[in-house]
Every structure is written in C-alpha cells, then in structure tokens.
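Convention: sequence-line order gives letters A, B, ...; per-chain numbering from 1.
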Protein chains: 2
Amino acid sequence: MKSEKISDAVVRRLPVYLRFLNELSRREVPTVSSQELGQKLDLNPAQIRKDLAYFGDFGRKGIGYDVSYLIEKIRQILNLDQQINVALIGAGNLGQALSNYNAYLKDNMKIVAVFDASPHKIGTQINNITIQPIDELVDTVRSNNIRIGIITVPDVEAQRVADQLVAAGIGAILNFAPTILKVPSEVRVHAADFTTDLMSLAYYLDAGKEHTEHDAKMAD
Amino acid sequence: MKSEKISDAVVRRLPVYLRFLNELSRREVPTVSSQELGQKLDLNPAQIRKDLAYFGDFGRKGIGYDVSYLIEKIRQILNLDQQINVALIGAGNLGQALSNYNAYLKDNMKIVAVFDASPHKIGTQINNITIQPIDELVDTVRSNNIRIGIITVPDVEAQRVADQLVAAGIGAILNFAPTILKVPSEVRVHAADFTTDLMSLAYYLDAGKEHTEHDAKMAD
DNA sequence: TAGATTGTTAATCGATTAACAATC
DNA sequence: TAGATTGTTAATCGATTAACAATC
C-alpha cells in the first residue's frame, strides 16, 4: 500500500474493473489475470496491474487475481462498502430516467431524495420517492447523510443548485447541465453533459467526407 | 494550420469553448482573450491558445479572438457546419429523455430516427419521430445519412446494436450502456454510462469520514 | 520443476504549462 | 508609442507501456 497521489484516470478505471469482475463473479469464474482483463476492457495489462498495485498487493504471482477478493477490495477503495446516499435535483425527463436506475445502482449507491422547483411536481412520487421543493435541499442533504448530488436542472439553475449542495456539505456532484460549475476545491465535480460528448464525436466523422478544405475567402 | 495528430483531450475541449462562445455571442461580446476563456472554463490560457492554434491562426495579437469568427471556425472543425444526423436506439426512459434534447441540439445535430425492440412501442411517436423496429436500422441509417448512433438499450443488447450500426456504416457511437463495445478502429466510441461516473465520484468522499482502515481480519 | 503472472522499475510517450518574441 | 495578447518553443509534469526479477 503506497500513499502516492492517485490520479483521476486511475480512479475512473476502477468502476470499469469492478463491473467486469462482477460479471465474472456471476459466472463463477474464480480468478482472472491482468491479461484477460486487459483484453476484455481494451486496456494494457501493465496498466491494470499498476492501477491495482497503488492500493495493495491483490494478486498472486503465477495465478492472477482472485475475483471475489478483488471485488471486495475495489469496493472498499471506492467507498462502496458502505451505502452512499445520492440526491437528484431536477425531476424532468432526464431526472426521471436516471431515478429509474436506482435498481441498477447496486453496489450500495442509492438515490434517496429528489428535488424540483416546479410546484405541480412537488409532492408527487417518482420511484417511491416524494419530490421535495428545492428549499428543503440543504436540510434534507444534511439529515439524510447525502454525499453525492446529481444535477439535472436546466442550465441557468445549475450553479444555484450547486451552491446549495455545497452549503449543505455535499462531497461530489455529477452535473448533467452544460455549465462549468464553480465550487470549492474539496468538492469533486464530473461533467456528464451528453451534448458535449455528441459534439466532440462529430469531429471524427470526416473520414467519410474527404476533408474538403477549400479557401472560402480566396477572392481578396 | 498544422497537420499534427490532434489528441482526444483537445477535441473534447472544443465543444466547451463553443458553448461559452455562443453565450458571449448572445450577449454581443465582440472579442475574448484566452485569459478570459481560461478563467470562465477553468483552463490554462496557454492550453486554450495551443488548442486553437492546432487548427489555424484564429486570434489577433494584442486583441484576442473575434467571437463570431471563432464560433464559425470551431463549428467547421467539429463538422457542425453541416447537419449531422443522429439515430437513437432504445426508446426507454433514458432514450426518451435524450430525444427531448433535440431542441437543445442546435448547432446542427439532430436525432432523426428512433429504434426499439419492443413491439408495443414500434409505430408510436416520440417527439414527432415514429419509433421503428431494430430490423430497419441498417436501411434507415444508410438512406438517411445517419452518422452517429446513441445506444440506450439494455446492457445485453448493446453489442448487437453496435454491430448493426457498424454494418450500416456509422461513424461514431455514444454508448450509455455499461459495456465495452467492440468495434472496428475507424468507428469512434464514447462511453456515457452515468453509473460508472457515480462510482468513481464515490472514491473522493472519504475526506469527511476519517479513512478508518482497521484490519477486519486481525484475529487470525 | 516449468510455466505463468504478478509488482515494480525504467523507458517512452504525450499532454500541460511557462516563457517570450512577434505584433496588433 | 505603450499595453495587451497571440502563437510557439522549451520545460515540466504526468501517464502509459515495456521489461524483468520475484515467486506462486
């Protein structure tokens, strides 16, 4: 066990490992090598070994990694050995869709509160959770030990919601709004806006279209 | 204009620039410096200048970047000076939520077809688009010049859908299913699974909880 | 034992940042 | 002109990959 600084790139790969290990576990595969993992996950085996070695010596030379043991360890690393309570702010289409993933959010993550600004949504239920007004956000986050907030409100409201999450002592935010949130450095933010993803994908499309780069302002 | 290889990191920042530039344009701000951009977007100004300089000399020394001109240029770089047709496969909750973003997808990206496997969804409308059976995917993608596919089907079906998109000649895929898709190297895939994001965020939560690392298996 | 595979060091590769001459 | 800001080179920083001794 080192105490180097772990990079974000490493942390982002851990859930990917976990997901595949869970599948192996379901199939009752007892051990797996870094080579096998690398092949399935499109990663370099050396990278996988290095990633895991940051946190401990989980493997056995000549054998590989014990699937159940590695699952247990990664869950510990990701704090998923305890229940992590999550709040969802914004009960529009996207928010409702995400709240349905509660079932998928095994591994101890759970959306336990949903907030919305719209008066006619407040009080209604969504997946057995009663939608609360945003005024109640700070109190509810505090009293329910909510550690992560998912922002699915419109663009212009995102920063205000983030401010309230911060005020309530949130640890991390997953932001689906297309805005750069300003938060204190101890609060982790991940951008999850899919329109940005789509636009960057468009860049790679020219393969099929011959890269026609004629000078439009030639006549000058 | 260089012809170096442009890294994915650079390409992913371009839509972020574009988004903020569009806002400046709306506010009728005529020019912007790399310093201002950097401050608003939490990026190093030198990085912004370098990113843009890969594609051309868009700025003016002593002045900064002309907002409208830079918007035009970034849109060209991202192929958004033409309409990019997008298909959505999987009309569940998440798929429906995303299809509502069509309005947001200014900048010339448009979901033009929606597919689903479920017989009782086929034929119904979603945002004025008739849901088609997945059998029709290959033909529709080809005949409508669809370049990007968004996968919102369940886990186990994702690879099959990806195979069909590839067969139809798709250029890029945005994958919301928690699977590593195997596709030929000329097809670009972005993972957009939010459960993975959430799990990696959980890693950063220990700040508040004192990192209690007691050996559970001491008595041995 | 022989074969396999880890953990880790060293080498490589790539991305970010600093610094500054050029110039508007 | 003086001040501001670009484009770009060089320096730094960080992440990935190769290689291999240790060892199951």
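- For the pair G64(B) and Q47(A), both in contact range of DNA chain D, the more 5′-proximal nearest nucleotide belongs to G64(B).
- Using a cutoff of 4.0 Å between basic side-chain nitrogens and carboxylate oxygens, R27(A) and E23(A) are scored as salt-bridged.
- The separation between N44(B) atom CG and dG7(D) atom P is 15 Å, rounded to whole Å.
- One atom, CG of L70(A), and another, P of dT5(C), lie 16 Å apart when rounded to the nearest Å.
- Side-chain proximity of A53(A) to dT8(D), dT16(C), dT8(C): nearest is dT8(C).
- For Y65(B), taking side-chain heavy atoms from C-beta onward, the closest of the listed nucleotides dT17(D), dT8(D), dT6(D) is dT6(D).
- Taking the nucleotide of DNA chain D with the nearest heavy atom to each of R49(A) and S7(A), the more 5' of the two is matched to S7(A).
- The CG atom of D66(B) sits 15 Å away from the C1' atom of dT5(D) (whole-angstrom rounding).
- Taking only side-chain nitrogens and oxygens, S34(A) comes nearer than 4.0 Å to OP1 or OP2 of dT6(C).
- Closest to the side chain of D57(B), out of dT16(C), dT8(D), dG7(C), is dT8(D).
- Atom CE of M109(B) and atom CG of L198(A) lie 5.0 Å apart (nearest 0.5 Å).
- The side chain of A46(A) lies closest to dA19(D), out of dT6(C), dA19(D), dT16(D).
- Using a cut-off of 4.0 Å between Lys/Arg side-chain N and Asp/Glu carboxylate O, D81(A) and K73(A) are scored as not salt-bridged.
- Per the geometry, NZ belonging to K5(A) stands 9 Å off P belonging to dG14(D), to the nearest Å.
- Note: CG (D8(A)) to C1' (dC13(D)) measures 16 Å, nearest angstrom.
- A 3.5 Å limit on both hydrogen-bonding distances identifies dT6(D) as the Watson-Crick or G-U partner of dA21(C).
- Heavy atoms of R60(B) sit under 4.0 angstrom from primed sugar atoms or phosphate atoms, though from no base atom.
- Counting to the nearest Å, the P atom of dT17(C) and the CG atom of L37(B) are 15 Å from each other.
- No side-chain N or O of Y101(A) forms a donor-acceptor pair with one of N93(B) less than 3.5 Å apart.
- Residue K61(B) places its side chain closer to dT6(D) than to any other of dT16(C), dT6(D), dC20(D).
- Between D163(A) and K182(A) there is no salt bridge, since no side-chain N of the basic residue sits under 4.0 Å from a carboxylate O of the acidic one.
- Of the candidates dC24(D), dT17(D), dT6(C), dT17(D) carries the atom nearest the K50(A) side chain, counting heavy atoms from C-beta on.
- Protein atom OH of Y54(A) is 7 Å distant from nucleotide atom P of dA15(D), rounded to whole Å.
- Atom OH in Y69(A) sits about 14 Å away from atom C1' in dT6(C), given to the nearest Å.
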